[in-house]
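Source: prediction; values computed, not measured.
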Amino acid sequence: MKTGALSPALQKIADAAAALLEVVRQIQSGEAPPVSAANKIPNARIRLASPRPDAGPAGRPILLADAVNEFLLAKARAGRSDRYLRQAHVTLGAFARGREERPLASITAEEIELWLHSQKWRPRTKAGYLLDLRTCLNFALKRGHLAANPANAVDVPRYDPAPPGLHTPEQAAAVLRIAARDPDVRRSLAIRYFAGLRRSEASTIAEENLLEEFIEVPAANAKTRQRRLVTIQPNLRAWLALGGRLPLRQINNRIAAVVNQVRAAGILWPANAPRHSFCSYHLAHFQNAARTALEAGHSEAMLFRHYRALVTPAAARAFWEIRP
């Protein structure tokens, strides 16, 4: 979607989202405190104080664009990640398009349902968009802008989760050999394979986070906003000894270059393949769901739902024996 095609009101949402991402960056880097940075957001119809006395069901109706901006700002000031804010901006911007100047209270469940099912999205995408919209409208409900959340009356589309894509031990070893052309990328990929870090986590940790026995994922870098320690397994230690530096600079271009070379070698690259490989092989090899969940940074329920019985013990043993 080109910026020039946006209506003035929707452009304000886009401008606000971009400014909010800068607020998050400044807060996380310590460049500016949350309140002072948020108060300087340009071109955004955002209210930093309590809801207006004349806003909401009992007074002058708040507009959808205002509600979206207020939601995004609140989440930014609460320390939500830039990834979360970007996704919320995409979802809410898609729904707001053409409705920016509509009173929030005029949005109906039937309208949301029609919008959702008129899109050529997969059921999983529809479910994610609906849940994001529900979250925003629940926020508006708590702020007194709505008497009820119309999105709660829309059924979440059902879908069968696809099994996570992962690499065989042979494929993982081949990927790391190909990545040897860029030692920094190889270092980052080794950490993603053998410590299970998410791409966003691996791209933001620094050398100082590589401790004697553990890799520290600081709370500010973790998706769950909780600090965790991941054991450096013997084979990962061997890969780290090859050198390279963190954090990985110009990550998108450099990772993309290696992925293109991997695909040219005939190896598929499923989304999050290194992390999915870690979770699957770690659970199968160490047979300790609590430990795997703790090091991966998610719940045991999610672990069993997505990774249980995906690989054999023999394949898991081969994975943890991958060395330079």
Side-chain angles (χ1 to χ4, degrees), residues 21-31 76 79-87 164 166-167 172 175-176 178-259 262 269 271-282 286 291-299 302-303 319-320 322-324:
L21 296 180
E22 176 61 17
V23 171
V24 173
R25 186 194 67 77
Q26 291 178 356
I27 293 172
Q28 292 180 345
S29 64
E31 295 177 13
R80 299 306 294 266
S81 68
D82 59 348
R83 177 181 177 181
Y84 175 90
L85 292 173
R86 288 179 189 277
Q87 180 57 50
L166 61 149
H167 285 145
V175 168
L176 292 171
I178 293 171
R181 303 168 190 177
D182 189 331
D184 295 347
V185 171
R186 179 181 59 195
R187 190 174 187 81
S188 181
L189 286 176
I191 287 173
R192 290 168 62 186
Y193 272 120
F194 304 122
L197 270 64
R198 299 173 176 88
R199 175 173 174 170
S200 59
E201 296 169 342
S203 66
T204 53
I205 65 169
E207 289 296 316
E208 64 191 38
N209 299 121
L210 306 185
L211 310 180
E212 184 67 25
E213 298 181 7
F214 303 97
I215 294 177
E216 176 197 26
V217 183
N221 297 355
K223 180 181 179 181
T224 59
R225 286 295 185 261
Q226 293 181 327
R227 175 180 179 268
R228 72 180 191 275
L229 297 175
V230 185
T231 303
I232 298 178
Q233 299 297 335
N235 68 331
L236 175 55
R237 190 177 301 281
W239 287 102
L240 294 177
L242 295 178
R245 293 288 300 175
L246 299 173
L248 182 60
R249 306 297 182 184
Q250 298 176 324
I251 179 173
N252 292 333
N253 292 338
R254 296 170 70 181
I255 289 287
V258 171
V259 170
V262 167
W269 188 268
N272 301 313
R275 175 172 167 82
H276 291 324
S277 299
F278 168 85
C279 293
S280 300
Y281 292 119
H282 194 283
F286 295 102
R291 176 182 172 184
T292 300
L294 184 65
E295 297 204 357
H298 59 206
S299 67
M302 180 179 290
L303 187 73
F319 179 81
W320 293 107
I322 298 174
R323 293 174 181 267

(request) Would you give the length of the straight line joining atom OG1 of Thr204 to atom CG of Asn209, rounded to the nearest 0.5 angstrom? (result) 8.0 Å

(message) Checking Arg245 now: which residues fulfil salt bridge (Lys or Arg N to Asp or Glu O under 4.0 Å) with it, not counting sequence neighbours?
(response) none

(message) Let me confirm one number: the CD-CZ distance from Glu201 to Arg275, rounded to the nearest 0.5 Å.
(response) 6.5 Å

(request) With rounding to the nearest 0.5 Å, note down the distance linking CG in Leu242 to CG in Leu240. (result) 8.5 Å

(request) Search all heavy atoms of Ala179 against all heavy atoms of Leu189 and return the closest pair with its distance. (result) CB-CD1, 3.9 Å

(request) Not counting sequence neighbours, which residues clear salt bridge (Lys or Arg N to Asp or Glu O under 4.0 Å) with Arg199? List them please. (result) none

(message) How close do Leu246 and Ile191 get, counting heavy atoms only, and between which atoms?
(response) CD1-CD1, 3.4 Å

(request) Could you pull out all residues at least two apart from Arg323 that satisfy side-chain hydrogen bond (donor to acceptor under 3.5 Å, both in side chains)? (result) none

(request) Indicate yes or no: at least one non-hydrogen side-chain atom of Ile322 is less than 4.5 angstrom from one of Tyr193. (result) no

(request) State, to 0.1 Å, how close Pro218 and Ile205 come at their nearest heavy-atom pair, and which atoms those are. (result) CD-CG2, 4.2 Å

(request) For Phe286, enumerate each residue passing the ring-ring contact (aromatic ring centres under 6.0 Å, His included) test, keeping only those at least two apart in sequence or located in another chain. (result) His282, Trp320

(request) Please name the pair of heavy atoms, one in Leu85 and one in Ala76, separated by the smallest distance, quoted to 0.1 Å. (result) CD1-CB, 3.8 Å

(message) Restricting to non-hydrogen atoms, name the atom on Val230 and the atom on Ala195 that form the minimum distance, rounded to 0.1 Å.
(response) CG1-O, 3.3 Å

(request) Heavy atoms only: give me the nearest Pro247-Ser203 pair and the separation to one decimal. (result) CB-O, 3.5 Å

(request) May I have all residue pairs that pass side chain to side chain donor-acceptor pair (under 3.5 Å) and include part of residues 183-192, sequence neighbours excluded? (result) Asp184-Arg254, Arg187-Glu207

(request) Would you give the length of the straight line joining atom CG of Leu236 to atom CD1 of Ile215, rounded to the nearest 0.5 angstrom? (result) 5.0 Å

(request) Assess the pair Phe194 and Phe319: is the distance between their ring centroids shorter than 6.0 Å? (result) yes

(message) Under the side chain to side chain donor-acceptor pair (under 3.5 Å) definition, can you give me all pairs with a residue in residues 229-241, not counting sequence neighbours?
(response) Thr231-Glu295

